[in-house]
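Letters A, B, ... are given to chains in the order of the sequence lines, protein chains preceding strands, and every chain is numbered from 1. If you're wondering where the values come from, they're calculated on a predicted model, not measured in any experiment.
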Protein chains: 2
Amino acid sequence: MSRPTIAGVARAAGVSVASVSRVLNGLPATEEMAERVQRAVADLGYVPDSRARSLKVGRTFQLTLAVADVGNPVYVTMMRAVEEVVSAAGYRLVVTTTGPEIVDEVALVRGMARGYADGLLISPIRVDEDLVKSIRECEVPVVVAGNVPAKAGVDTVRANSPKGMLLAVNHLVAKGRRRIAFLNGPADTVPGTARAKGFADALKAHKLQPIAVAEATDFTFTAGRAAAPALLGVKVSAGLPDAVICANDLLAVGLMHELAAAGLEVPADVAVVGMDDSELAEQCFPTLTSVNLGSAERGRRAAELLLARIEDNDRTPRRIVVQPSLSIRRSTP
Amino acid sequence: MSRPTIAGVARAAGVSVASVSRVLNGLPATEEMAERVQRAVADLGYVPDSRARSLKVGRTFQLTLAVADVGNPVYVTMMRAVEEVVSAAGYRLVVTTTGPEIVDEVALVRGMARGYADGLLISPIRVDEDLVKSIRECEVPVVVAGNVPAKAGVDTVRANSPKGMLLAVNHLVAKGRRRIAFLNGPADTVPGTARAKGFADALKAHKLQPIAVAEATDFTFTAGRAAAPALLGVKVSAGLPDAVICANDLLAVGLMHELAAAGLEVPADVAVVGMDDSELAEQCFPTLTSVNLGSAERGRRAAELLLARIEDNDRTPRRIVVQPSLSIRRSTP
DNA sequence: TTGTAGGCGTTATCAG
DNA sequence: CTGATAACGCCTACAA
């Protein structure tokens with residue numbers, strides 16, 4: 001006793017499959033016809049097969065969101081925003097994890113051609129020629145939440161991390177901090193390079209020299225802890241920083257643990273600023289001042305762009321930049 | 001210029017569609033045949049349509065993992081474990097969020113009949129007759145990570161939270177704490193009821209009375225903060241607790257913030273124990289002693305059960321219980 | 001080894 | 001308004 005098909009329903013209702021299909025899709029039909037079909041559907045517990053349906057109509061009403069690391073709370077924020085927009089439009093959202101490897105992302109984009117979903121929302125952490133190429137050639141509409149060259153020819157929604165960096169530096173300087181260090185993630189990533197440059201520029205704007213710059217091997221809590229000594233063990237001539245800006249919240253929290261272990265107090269001895277303003281920023285202790293790079297808004301707008309492009313694939317690609325703000329909490333004076 | 005189909009490849013290669021299909025599926029073929037097909041596939045950039053394929057073969061090679069709240073770090077742990085097992089077996093994992101509403105879970109389970117995936121791994125937070133019914137009647141194999149009545153007739157993998165609770169209480173008592181309170185999540189949830197009973201029993205085993213019990217409206221950080229006053233504002237006759245066990249890590253972290261705000265020190269004044277032993281437990285400050293309910297192992301074993309059931313749907317349902325352990329950190333003396 | 005043809009479950013077209 | 005039937009893209013007997 002396998003799943004009932006539309007043919008079974010038709011037989012049970014004593015009508016044709018075409019009529020069943022029509023009733024189910026709300027096309028005009030007699031009162032009585034609708035009645036009979038509905039009953040048969042209910043009796044048999046019939047549920048249309050989405051594969052067969054999408055094979056025919058060419059749409060799956062599924063959208064894929066691909067993120068690098070489900071453990072990064074910034075994606076939680078983004079995911080929630082995307083989910084809201086997408087489900088309001090009648091689509092299902094499926095989330096897949098790519099991991100940090102770029103080849104996995106390329107494989108994912110290429111695999112979209114297989115008809116799993118009607119569109120892809122991807123937030124790549126590393127970008128290379130292959131990825132750009134795969135995105136440009138992708139069979140289904142793609143929207144990138146992040147920075148990808150214009151020649152990829154896709155809609156993008158990205159953060160303005162240089163400006164975010166400036167907000168952070170302004171705030172620290174206003175609070176009297178001058179010995180500012182930077183804890184970055186891997187420099188070969190898109191956010192890594194953007195934030196490194198943003199940091200350098202922001203300090204320059206204040207005519208300050210960086211006290212120290214360290215690079216974690218990953219945008220994770222563990223990597224943040226591991227990289228902290230590079231900031232704290234600086235040679236005596238340079239001295240300790242009185243503030244550290246971190247490329248994301250996870251790194252910041254990792255750093256704060258090492259600061260505590262080293263007997264340094266936040267913010268009294270060292271102020272700490274994170275980026276992303278994720279849920280973690282208010283969960284950690286002390287609560288973390290963090291640059292809000294607009295992850296929720298980026299998610300929302302990216303989802304909207306994707307839906308719009310599914311409607312009309314000929315529109316010229318838009319490149320939206322979401323402006324940052326600073327959420328000030330207890331980790332800065 | 002839409003997607004090339006297998007027919008296009010056959011035409012380009014000058015062979016039949018059957019031959020293309022065979023080459024692609026690794027069935028015997030001439031060296032030359034394979035050669036020509038491969039070239040045509042590469043030239044056209046052909047990618048098989050998974051919908052058509054699964055419509056024919058009856059399998060999608062996709063598995064669905066449904067969780068209530070992507071913001072709960074315990075699911076991150078579980079997700080990672082599931083992903084590992086599942087992808088090793090050649091399946092794609094898609095994650096969907098149900099939210100706390102039970103009707104959404106039922107809708108999800110029912111919707112599985114539409115052929116989105118070959119199996120469902122669900123971790124329901126609330127369970128009622130409807131859900132059990134939908135699970136029992138589900139067209140595709142279902143494995144429940146959590147507690148569901150045996151009559152649902154499905155494989156389950158669940159935690160032993162009473163025993164976990166006992167580990168927590170034993171630890172606190174060994175450290176000299178006697179005035180133990182409990183911060184639970186909603187009592188109408190599966191984990192909520194199990195943990196409430198576990199707490200009561202564990203205290204009884206030590207012949208202790210609970211100092212206070214509070215119930216958060218949700219298993220979230222925010223709800224934990226909001227419920228904290230109910231534990232700290234107890235009437236003077238009862239006094240303050242010297243330890244609080246929380247039903248999960250998010251609640252514990254929320255509570256710790258309120259303790260700090262009230263000028264109470266952890267663990268000196270109040271010891272705090274969480275449950276789940278999620279990533280958050282070592283990210284928060286002080287690091288959180290937490291009952292490890294085996295989320296990773298539960299995820300892994302649930303995934304294995306699901307794969308096994310897909311292989312053979314006639315096997316009798318197994319009900320696995322994963323044993324807890326205690327991860328001792330700084331939030332307890 | 002290779003090709004032909006039928007069918008998976010659905011929707012859309014075209015007669016009635 | 002309803003019913004028969006041809007696709008959608010693929011796999012797999014079966015035949016050559």
Side-chain angles (χ1 to χ4, degrees), chain A residues 1-41 44-62 111-118 139-140, chain B residues 1-41 44-62 111-118 139-140:
Chain A
M1 58 160 292
S2 84
R3 284 172 55 174
T5 75
I6 199 173
V9 175
R11 212 175 310 121
V15 301
S16 75
V17 292
S19 297
V20 176
S21 175
R22 272 191 292 261
V23 170
L24 261 37
N25 293 330
L27 295 172
T30 322
E31 187 69 21
E32 195 223 331
M33 166 67 70
E35 166 70 16
R36 298 174 67 170
V37 171
Q38 303 289 13
R39 193 186 349 262
V41 165
L44 300 178
Y46 167 75
V47 182
D49 185 312
S50 69
R51 297 165 299 187
R53 180 169 209 282
S54 77
L55 178 59
K56 181 66 188 166
V57 302
R59 299 178 87 178
T60 60
F61 288 96
Q62 275 196 132
M112 291 306 292
R114 298 170 54 102
Y116 285 124
D118 298 339
E139 304 283 343
V140 300
Chain B
M1 57 160 286
S2 84
R3 285 172 54 176
T5 76
I6 197 171
V9 175
R11 210 175 312 122
V15 301
S16 76
V17 293
S19 298
V20 177
S21 174
R22 272 190 290 262
V23 171
L24 261 37
N25 294 335
L27 296 173
T30 323
E31 187 70 22
E32 195 222 332
M33 171 95 268
E35 166 70 17
R36 299 175 64 171
V37 170
Q38 303 288 12
R39 190 181 356 259
V41 165
L44 301 179
Y46 168 75
V47 182
D49 185 311
S50 69
R51 297 166 298 187
R53 181 169 208 283
S54 76
L55 180 58
K56 179 67 188 166
V57 302
R59 298 179 80 172
T60 59
F61 288 96
Q62 276 197 154
M112 292 306 292
R114 300 170 57 101
Y116 287 124
D118 298 339
E139 303 285 343
V140 301

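Among all heavy-atom pairs drawn from A:L24 and A:V41, the shortest one is CD1-CG2, 4.0 Å. Minimum heavy-atom separation, B:V140 to B:A117: CG1-O, 3.5 Å. Across all their heavy atoms, B:S50 and A:Y116 have their closest contact at OG-CE2, 3.4 Å.
In this entry the distance linking OH of A:Y116 with P of D:dC10 reads 13 Å, nearest Å. Whole-Å rounding puts the A:I6 CD1 to C:dT10 P distance at 5 Å. Remark: P of D:dG9 and CD of A:E139 are 12 Å apart, rounded to the nearest angstrom. The CZ atom of A:F61 sits 14 Å away from the C1' atom of C:dT10 (whole-angstrom rounding). For the pair A:Y46 OH and C:dG9 C1', the interatomic distance rounds to 7 Å; values are reported in whole Å. Rounded to a whole Å, the CD atom of A:E32 is 9 Å from the P atom of D:dT2. In this structure, the CG atom of A:L27 is 15 Å from the C1' atom of D:dG3, given to the nearest Å. Counting to the nearest Å, the P atom of C:dT13 and the CG atom of A:N25 are 13 Å from each other.
Taking 3.5 Å as the limit, the base of D:dG9 and the side chain of A:R51 contain no donor-acceptor pair of atoms between them. On a pure distance criterion of 3.5 Å, no polar donor-acceptor pair joins the side chain of A:R114 and the base of D:dG9. Below the 3.5 angstrom threshold, one finds no donor paired with an acceptor across the side chain of A:K56 and the base of C:dA12.
Here the side chain of B:P48 is nearest to one of D:dC10, D:dT2, C:dT10, namely D:dC10. Distance from the side chain of A:R22 is smallest for D:dT2 among the nucleotides D:dT2, D:dC11, D:dC10. Set against C:dT10, C:dC8, C:dT2, the side chain of B:L55 has C:dC8 as its closest nucleotide. Checked against C:dG9, D:dG9, D:dG3, the side chain of A:M33 finds its nearest nucleotide in D:dG3.
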Task: Full working for side chain to side chain contact (heavy atoms under 4.5 Å, CB included) between A:V20 and A:V15 - done: CA-CA 7 Å; A:V20 176; A:V15 301; 3.8 Å; yes
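Residue contacts for B:A18: at a heavy-atom cut-off of 4.0 Å it reaches a base atom on one of the strands shown. Across all strands, B:S21 comes closer than 4.0 Å to base atoms (heavy-atom distances).
Between B:S16 and the phosphate of C:dG3, there is a side-chain N or O to OP1/OP2 separation shorter than 4.0 Å.
Within 6.0 Å of atom CZ in A:R11, 12 or fewer heavy atoms from other residues, nucleotides or ligands are found, so the atom counts as exposed in its surroundings.
Projected onto DNA chain D by closest heavy-atom contact, A:E31 and A:V17 fall at different nucleotides, the more 5' of which corresponds to A:E31.
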